[in-house]
There are 2 protein chains.
Amino acid sequence: MGYAETFKALSDPARRQILELLKKGPLSAGDIGSHFDMTGATISYHLKILKQADLIFESKEKNFIYYQLNATVLEEIMLWISSLRGGGKDD
Amino acid sequence: MGYAETFKALSDPARRQILELLKKGPLSAGDIGSHFDMTGATISYHLKILKQADLIFESKEKNFIYYQLNATVLEEIMLWISSLRGGGKDD
DNA sequence: TAAGTATTTAGAAATATTTCTAAATACTTA
DNA sequence: TAAGTATTTAGAAATATTTCTAAATACTTA
């Protein structure tokens, strides 16, 4: 909720990479963490930022928490950027 | 040069507003500043960030420095976001 | 219930960001 | 050249961000 939150979330390389991983499908926090050289606590922090920006959502299953990409907010960002470029038009 | 720089630049409300002002055409640093409740030095700082992110460029004329929007980087950002949503497709 | 696995939360330390004031630069015109 | 206008740079202070370690929570299964 709010462009600042979204852009700030997207400004970190680790968080962008998390989104790219999630593009292929849901992953648990642990799975995500295995791709990074960071502690689980730090991964958890980044996931929280992404969650707060509504860029991902979670679903709990058994002992895991699975994270998924949420495309809705990305659309809004695209619209904002579009309006900047063309004044709302095509190009 | 680099998504981090671009998204970081876009994460600040004042900087986004500067881009929106610039959408209508070039403005001097002073003109831009008149829209904000900040010192000229702070405006200058934000302009530097936007410049470094290649979101704007400047042209000197007389005693003024005029700033203009640079749409090129916005395209790149749009592509990155697009690839996240659809894997490169339409939706 | 007890022990184990997955993840988050709390708190601290290091670093980055934002803003200001004061001074410096750059250019214009009298 | 001198004085004025526009803008940036330097340095400091306040705040925010990122990362860690240690502890807490939540759930599962023996």
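Numbers restart at 1 for each chain; the letters A, B, ... are given by sequence-line order, proteins then strands. What you see below is based on every heavy atom in this structure, not just the backbone, and it leaves out hydrogens, waters and symmetry mates.
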Trainee: Do you know which of A:His35, A:His46, A:Lys23 makes side-chain contact (heavy atoms from CB on, under 4.5 Å) with A:Ile18?
Mentor: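 Result for side-chain contact (heavy atoms from CB on, under 4.5 Å) with A:Ile18: A:His46.
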
Trainee: If I take atom CE in residue A:Met38 and atom P in nucleotide D:dT17, what distance separates them, rounded to the nearest angstrom?
Mentor: 16 Å

Trainee: Rounded to whole angstrom units, what separation is found between the CD atom of B:Gln52 and the P atom of C:dT17?
Mentor: 10 Å

Trainee: State the NZ-CG distance between A:Lys8 and B:Leu10, to the nearest 0.5 angstrom.
Mentor: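 These two atoms lie 12.0 Å from each other.
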
Trainee: Starting at the 5' end of DNA chain C, what dot-bracket string do you get if Watson-Crick and G-U pairs under 3.5 Å are bracketed, crossing pairs use [ ], other-strand pairs use | and unpaired bases use dots?
Mentor: ||||||||||||||||||||||||||||||

Trainee: Would you confirm whether A:Asn70, through its side chain, and A:Phe57, through its main-chain N or O, come within 3.5 Å as a donor-acceptor pair?
Mentor: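 Such a contact is absent between A:Asn70 side chain and A:Phe57 backbone.
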
Trainee: Check whether B:Arg15 reaches the backbone of B:Ala9 with its side chain - one donor and one acceptor, N or O, closer than 3.5 Å.
Mentor: yes

Trainee: Taking protein heavy atoms under 4.0 Å as touching, what does nucleotides 3-15 of chain D look like 5' to 3' if B marks base contact, S marks sugar-phosphate-only contact and - marks none?
Mentor: -BBSSBB------

Trainee: Tell me: CD1 of B:Ile49 to P of C:dA16, nearest whole Å?
Mentor: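 Distance, rounded to whole Å: 13 Å.
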
Trainee: Tell me the closest heavy-atom pair linking A:Ile43 and A:Gly33, and the distance in Å.
Mentor: CG1-CA, 3.8 Å

Trainee: For residues B:Tyr3 and B:Ile77, determine if any side-chain heavy atom of one lies less than 4.5 Å from a side-chain heavy atom of the other.
Mentor: yes

Trainee: Quick check: closest heavy atoms across A:Ala14 and A:Phe36, and the distance to 0.1 Å?
Mentor: O-CZ, 3.6 Å

Trainee: How close or far is atom C1' of C:dT18 from atom CZ of B:Phe36, stated in whole angstroms?
Mentor: 14 Å

Trainee: Partners of B:Glu76 by salt bridge (Lys or Arg N to Asp or Glu O under 4.0 Å), sequence neighbours excluded?
Mentor: none

Trainee: Do you know which two heavy atoms are closest between B:Leu47 and B:Ala29, and how far apart they sit?
Mentor: CD1-CB, 3.9 Å

Trainee: It should be established whether B:Thr39 places a side-chain nitrogen or oxygen under 4.0 Å from OP1 or OP2 of nucleotide C:dC20.
Mentor: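 True: B:Thr39 side-chain N/O within range (under 4.0 Å) of C:dC20 OP1/OP2.
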
Trainee: Closer than 4.0 Å, any side-chain N/O of B:His46 to the OP1 or OP2 of C:dT17?
Mentor: no

Trainee: Looking across every strand, which nucleic acid part, if any, lies under 4.0 Å from A:Lys60 by heavy atom: base, sugar-phosphate, or nothing?
Mentor: nothing

Trainee: With nearest nucleotide decided by heavy atoms, which residue, A:Asp37 or A:Lys8, maps closer to the 5′ end of DNA chain D?
Mentor: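 It is A:Lys8 whose nearest nucleotide is closer to the 5' end.
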
